[in-house]
Amino acid sequence: MLEPPAHYEPVWSSLCLEDDLRWQLAQRIAASKSFAKSALLSKFLLYVCDRALSGRVDEISEHQIGVHVFVRKPGYNSAEDNIVRNYARQLRRRLEHYFEEEGRSESLRISIPVGKYVPVFSANHPAEPTPMQAHAVDEPRPLSVGDGSRPVALDAPRYRVRLYAVCVLFLLLVCGGFVWRTLRRAHSIQGDPYHQLWAQVFDKEHQTFLVPSDDGIVMFQNLTGHTVHLSEYINRDYLSTKSSFKIDARNMADLDAQRYTSVADLDAVLRYSRVDAVDPARFVVRYARELHMEDLKGSNAILMGSTFSNPWVELFQKSLNFEFNYEPRPNASVIINKHPNQGELPIYTNDAEQPSHRTYAVVALVPNLNNTGWVLIVEGMTMAGTQAATDVLFNRDEMLPVLEKAEAGGSTLQPFELLIETRSFGSNAPQASIIASRIYSKLPA
């Protein structure tokens with residue numbers, strides 16, 4: 001019997017199941033290549049199988065899984081936190097992939113029905129029909145035509161040949177038309193770097209997480225003057241020092257509990273969801289506080305907002321040329337140009353409250369943490385800046401010249417950064433343009 005994966009830390013006891021073939025299968029799956037990069041999926045599978053095989057099906061609920069697998073607080077609201085549902089979709093796909101590849105020779109099969117979390121164990125290979133069953137299939141009966149008084153039987157073999165010929169011709173015409181349309185569409189997008197951008201971000205091999213900004217953490221920083229870095233954000237350490245902040249307990253609890261984001265980000269979510277390359281089954285909107293480091297290792301992601309409103313951007317910021325620098329108060333931000341080219345400024349300042357109303361944003365495409373997928377960063381100094389970055393990203397004419405330079409051959413784009421300038425009127429950006437760019441064969445360390 002295979003041992004559970006090294007990253008698996010049991011929170012329940014399954015010693016009585018060691019000789020159960022179904023439990024052994026669950027352990028093999030959890031230790032397989034299909035699950036190797038996802039400790040949470042392995043833990044999810046083993047938890048529901050343990051509870052089902054131990055006769056404790058009443059403990060297999062979204063809330064119990066959230067508490068025992070995803071370490072949510074016992075009183076958390078599963079209606080607001082959809083992490084269990086999102087991972088359940090991934091688990092179903094990974095199980096299908098396992099039994100199509102590594103586990104195709106398994107005698108048993110595990111599946112998780114849609115809308116439920118209780119695993120179902122069944123035979124992996126359905127029984128083949130016996131020769132007697134195959135022979136019992138009805139033969140086509142001869143058709144009869146005539147004047148209604150004396151039916152005339154058609155010659156069955158000749159009729160079947162003609163019928164089959166018509167069917168084959170019809171199928172050839174349908175398939176030919178489909179192939180022609182497919183080839184025509186493929187020809188139109190072949191060598192199109194703008195299409196390739198979306199094909200990389202929404203590729204068919206990875207899930208893509210869209211992570212809007214956390215405006216609650218923005219309000220917290222502005223009210224307290226305390227900058228929250230990623231380590232604090234993940235562990236929620238900034239809440240433990242709340243007594244030193246001039247925020248009453250009720251408002252602090254509200255900031256901690258609510259899920260705030262901006263209208264600009266909500267509009268962007270709709271725009272991303274309509275991209276042709278999007279597979280709805282692999283497209284997940286995840287609130288920043290519910291994201292995990294593991295999500296940025298084995299998946300694609302779109303991170304919206306700067307480090308001030310989406311601390312996860314901090315993981316990639318040091319590798320970028322255009323680095324955001326914030327003071328924890330409204331509109332106090334600059335972009336540092338680490339290596340200015342001719343005609344560029346070393347520092348770009350947010351002048352949203354000045355007569356120029358000028359503000360800036362950055363769009364960057366970088367590898368994920370394991371270099372197995374891609375992360376698209378869309379960050380603005382202000383809400384208008386983030387909107388401007390999104391507008392430029394969806395402006396084919398604006399993006400194409402840069403993307404053509406970023407082509408690496410083999411239908412792949414190299415990592416890149418774009419510095420975007422816009423004018424801000426309130427939270428709106430009336431116009432935006434790319435004023436600087438960087439393209440990398442490899443991101444600087």
Side-chain angles (χ1 to χ4, degrees), residues 1-70 78 82-138 204-207 279-284 298-299:
M1 181 178 66
L2 289 176
E3 293 295 326
H7 53 253
Y8 164 57
E9 298 178 2
V11 293
W12 55 87
S13 173
S14 301
L15 296 178
C16 60
L17 301 176
E18 288 185 354
D19 296 328
D20 192 312
L21 295 178
R22 296 168 297 178
W23 178 246
Q24 294 174 15
L25 171 60
Q27 290 184 300
R28 284 197 297 276
I29 296 173
S32 68
K33 293 180 181 178
S34 300
F35 283 70
K37 294 182 180 180
S38 181
L40 287 174
L41 284 180
S42 297
K43 193 174 179 181
F44 194 158
L45 174 67
L46 292 174
Y47 174 83
V48 296
C49 289
D50 169 85
R51 292 303 193 260
L53 297 175
S54 300
R56 297 153 69 183
V57 177
D58 58 313
E59 296 180 27
I60 305 178
S61 66
E62 180 178 357
H63 185 268
Q64 290 291 339
I65 295 170
V67 172
H68 293 291
V69 176
F70 298 100
S78 59
N82 63 353
I83 189 171
V84 175
R85 296 189 293 277
N86 286 337
Y87 270 87
R89 287 193 289 269
Q90 295 183 59
L91 180 57
R92 294 184 186 100
R93 287 194 295 271
R94 293 288 181 92
L95 285 171
E96 291 177 3
H97 182 265
Y98 173 80
F99 288 107
E100 289 172 358
E101 301 293 339
E102 298 171 73
R104 57 182 176 273
S105 61
E106 296 278 8
S107 58
L108 291 176
R109 186 182 188 94
I110 301 177
S111 59
I112 309 290
V114 176
K116 300 180 181 179
Y117 302 107
V118 179
V120 174
F121 299 85
S122 58
N124 190 27
H125 302 287
E128 296 292 333
T130 64
M132 183 67 72
Q133 290 172 326
H135 183 71
V137 177
D138 291 339
K204 304 301 181 184
E205 301 300 322
H206 298 87
Q207 195 160 34
D279 178 357
R282 295 180 180 272
F283 180 72
V284 178
S299 304

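The structure displayed is predicted, hence computed values, not measured ones.
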Quiz item: Is there side-chain contact between Pro119 and Ile60, with heavy atoms separated by less than 4.5 Å?
Solution: yes
Exercise. Scan residues 91-104 for pairs that pass salt bridge (charged side-chain N to carboxylate O under 4.0 Å, His left out), counting only residues two or more places apart or in two chains.
Key: none
Quiz item: Residues in side-chain hydrogen bond (donor to acceptor under 3.5 Å, both in side chains) with Asn86, at least two apart?
Solution: Asn82, Arg89
Quiz item: Residues in side chain to side chain contact (heavy atoms under 4.5 Å, CB included) with Val120, at least two apart?
Solution: Ser111, Pro113
Quiz prompt | With Phe283 via ring-ring contact (aromatic ring centres under 6.0 Å, His included) - residues at least two apart | solution = Phe202
Exercise. May I have all residue pairs that pass ring pair (Phe, Tyr, Trp, His ring centres under 6.0 Å) and include part of residues 85-119, sequence neighbours excluded?
Key: Phe70-Tyr87
Quiz item: Hey, what do you get for CD1 (Ile65) to CD1 (Ile83), rounding to the nearest 0.5 Å?
Solution: 11.5 Å
Practice problem: Verify, without hydrogens or angle tests, whether Arg85 (side chain) and Ser78 (backbone) share a donor-acceptor contact under 3.5 angstrom. | Solution: yes
Practice problem: Could you pull out the closest heavy-atom pair between Gln207 and Val284, with the gap in Å? | Solution: NE2-CG2, 2.9 Å
Quiz prompt | From CG (Leu40) to CG (Leu91), nearest 0.5 Å | solution = 11.5 Å
Quiz item: Do Phe121 and Cys49 have side-chain heavy atoms sitting under 4.5 Å apart?
Solution: yes
Self-check item: Distance (rounded to the nearest 0.5 Å) between Asp279 CG and His206 NE2
Solution: 13.5 Å
Quiz prompt | Shortest non-hydrogen contact between Ala88 and Phe44, atoms and distance | solution = N-CE1, 3.7 Å
Quiz item: Does the side chain of Val69 reach to within under 4.5 Å of the side chain of Val48, using non-hydrogen atoms?
Solution: no
Quiz item: Take atom NZ in Lys204; do more than 12 heavy atoms of anything else shown fall under 6.0 Å from it?
Solution: yes
Quiz prompt | Heavy-atom pair of closest approach, residues Leu53 and Trp23 | solution = CD1-N, 3.7 Å
Practice problem: Report yes if the side chains of Lys43 and Tyr47 come closer than 4.5 Å at any heavy-atom pair, otherwise no. | Solution: no
Quiz prompt | Approximate separation, where rounding is to 0.5 Å, of Ile29 CD1 and Leu45 CG | solution = 5.5 Å
Self-check item: From CZ (Arg22) to CG (Leu25), nearest 0.5 Å
Solution: 10.5 Å
Quiz item: Under the side-chain hydrogen bond (donor to acceptor under 3.5 Å, both in side chains) test, which residues partner Arg282, sequence neighbours left out?
Solution: none
Self-check item: Contacts of type side-chain hydrogen bond (donor to acceptor under 3.5 Å, both in side chains), residue Glu59, not counting sequence neighbours
Solution: Arg51, Arg56
